[in-house]
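Before any comments, here is the structure.
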There are 2 protein chains.
Amino acid sequence: MSIMKEALKTFEEHLKLNKMRMTQERRQLFSLVMSLKTHFNSEEVLEKIKKKNLQVSRATVYRVLPVLVKANLIQQSLLQEGQAHFEVKWNKDHHDHLICSVCNKIIEFKDNTIEILQREIATKYGFYLEDHVMELVGKCKTCKKN
Amino acid sequence: MSIMKEALKTFEEHLKLNKMRMTQERRQLFSLVMSLKTHFNSEEVLEKIKKKNLQVSRATVYRVLPVLVKANLIQQSLLQEGQAHFEVKWNKDHHDHLICSVCNKIIEFKDNTIEILQREIATKYGFYLEDHVMELVGKCKTCKKN
DNA sequence: CACCTTATTGAGACTAAATCTCAATAAAAA
DNA sequence: TTTTTATTGAGATTTAGTCTCAATAAGGTG
């Protein structure tokens, strides 16, 4: 089964489990959002909808994105500068971010040792760890020179 | 020299360096903000101003907090739920946060091994590391039980 | 299939947080 | 003391997101 179909099934199951209905709008948003390769925010999704002449309103976008988050298909990232940022999570390994303070370039990385240490810290303080955010901010290779 | 006086000097130097002026309003905000022990947001600062009958407007609060950030006296934390959050940074060790997803309790911690690993990661990707945010989200000891 | 219940939608009003405008004021340099 | 120019406050404005409610449509049931 293709990755997209599996993701769609996950979405459908999440909806059913919560007595929610699969609608044209949700299907359209699902396809649009899941095909995005980079970070995006709600307004960008809205723009793409207009460009493609899809019939999904602003209110619905703002209502469905959190549903996709709950279904574990996308995740909200905390590196917001005003607007809520999202990225596709489905079928992707967890990763953290290096962010350039000059050009805003985002590089993804993963470090297992840090993840282990994080779990140890949580345990030490009696926390049950659900999630984490780690963002390293600095100047990228290119911007460092200038 | 007292810690507060040193911080004030830092503030004054930052202002002079940027051709900015020390004003009554900035002095008042400096004192108010630097005495805060916990995380705070702009509206909370505004409330405290009203309670103390200080003469500082909303616009000025929103203008001066970023100046205090640039002067390295406070830092903006990214765990915002809508509003921009700040905390005093001056004279405090860097630390990261454990946040309870139920009661929003914040626990500060510091882990040197992680900091070293972070620097290694930055180097690996050619970044000059300026700052980082790490937030572990989960259920705290108390909320875990319920 | 037809019916019925109820979740969902869209348009636009509304809200909250933050920013902008511009004339009046006050720092600090001259 | 005068002059220059950064800063301020009041309120208008913007931005991002939420809310309302009548109309619609999903999807279970007979």
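In the text below, chain A, chain B and the rest are named by the order of the sequence lines, each starting its count at 1.
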### Message
Counting C-beta onward and ignoring hydrogens, is there a side-chain heavy-atom pair between Val67(A) and Leu15(A) closer than 4.5 Å?
### Response
yes
### Query
Which nucleotide in the list dG17(D), dT8(C), dT7(D) gets nearest to the side chain of Met20(B)?
dT7(D)
### Task
Evaluate the criterion ring pair (Phe, Tyr, Trp, His ring centres under 6.0 Å) for residue pair His97(A) and His39(A); output intermediate values, then yes/no.
CA-CA 11 Å; His97(A) 298 118; His39(A) 293 248; 4.8 Å; yes
### Query
Is a side-chain donor-acceptor pair under 3.5 Å present for His132(A) with Asp96(A)?
yes
### Protein-nucleotide distance (Arg58(B), atom CZ; dT13(D), atom P), rounded to Å
17 Å
### Message
Does dA6(D) have its OP1 or OP2 closer than 4.0 Å to a side-chain nitrogen or oxygen of Thr23(B)?
### Response
no
### Leu54(A) CG to dG10(C) C1', straight-line distance once rounded to whole Å
15 Å
### Message
Counting neighbours of NZ on Lys48(B) that are heavy atoms of other residues, nucleotides or ligands and sit closer than 6.0 Å, is the number greater than 12?
### Response
no
### Message
Applying a 4.0 Å non-hydrogen cut-off, can you work out what Arg63(A) is touching in the nucleic acid: base, sugar-phosphate, or nothing?
### Response
base
### Query
In whole angstroms, how far is the P atom of dG9(D) from the CZ atom of Arg26(B)?
11 Å
## Note on the structure
Value for CZ (Arg63(A)) from OG (Ser42(A)), rounded to nearest 0.5 Å, stands at 13.5 Å
### Task
Between dA28(C), dG17(D), dG11(D), spot the one nearest the side chain of Tyr62(A), thanks.
dG17(D)
### Query
Gln83(B) CD to dA16(D) C1': how many Å, rounded?
14 Å
#### Entry: Spacing of Gln28(B) atom CD relative to dT7(D) atom P, expressed in whole Å
17 Å
### Message
Can you see whether Gln75(A) engages Glu87(A) through a side-chain donor-acceptor pair at a distance of less than 3.5 angstrom?
### Response
yes
### Query
In terms of heavy-atom contacts, does NZ of Lys124(B) have more than 12 from other residues, nucleotides or ligands at under 6.0 Å?
no
### Message
Check the phosphate of dT9(C) against Ser57(A), side-chain N and O only, distance under 4.0 Å to OP1 or OP2. Yes or no?
### Response
no
### Query
CE of Met22(B) versus C1' of dT25(C): gap in Å, rounded?
18 Å
### Task
Find which nucleotide of DNA chain C each of Val56(A) and Ser42(B) is nearest to by heavy atoms, and output the residue with the more 5' nucleotide.
Val56(A)
Distances for protein N/O vs nucleotides 1-4 of chain D N/O pairs under 3.5 angstrom?
none

### Message
Judged by each residue's nearest nucleotide on DNA chain D, which is more toward the 5′ side, Lys19(B) or Glu43(A)?
### Response
Lys19(B)
### Query
For Ile49(A) and dT9(C), what is the distance between atoms CD1 and P respectively, to the nearest whole Å?
11 Å
### Query
Just how far, in rounded Å, is P of dA27(C) from CD of Gln24(B)?
6 Å
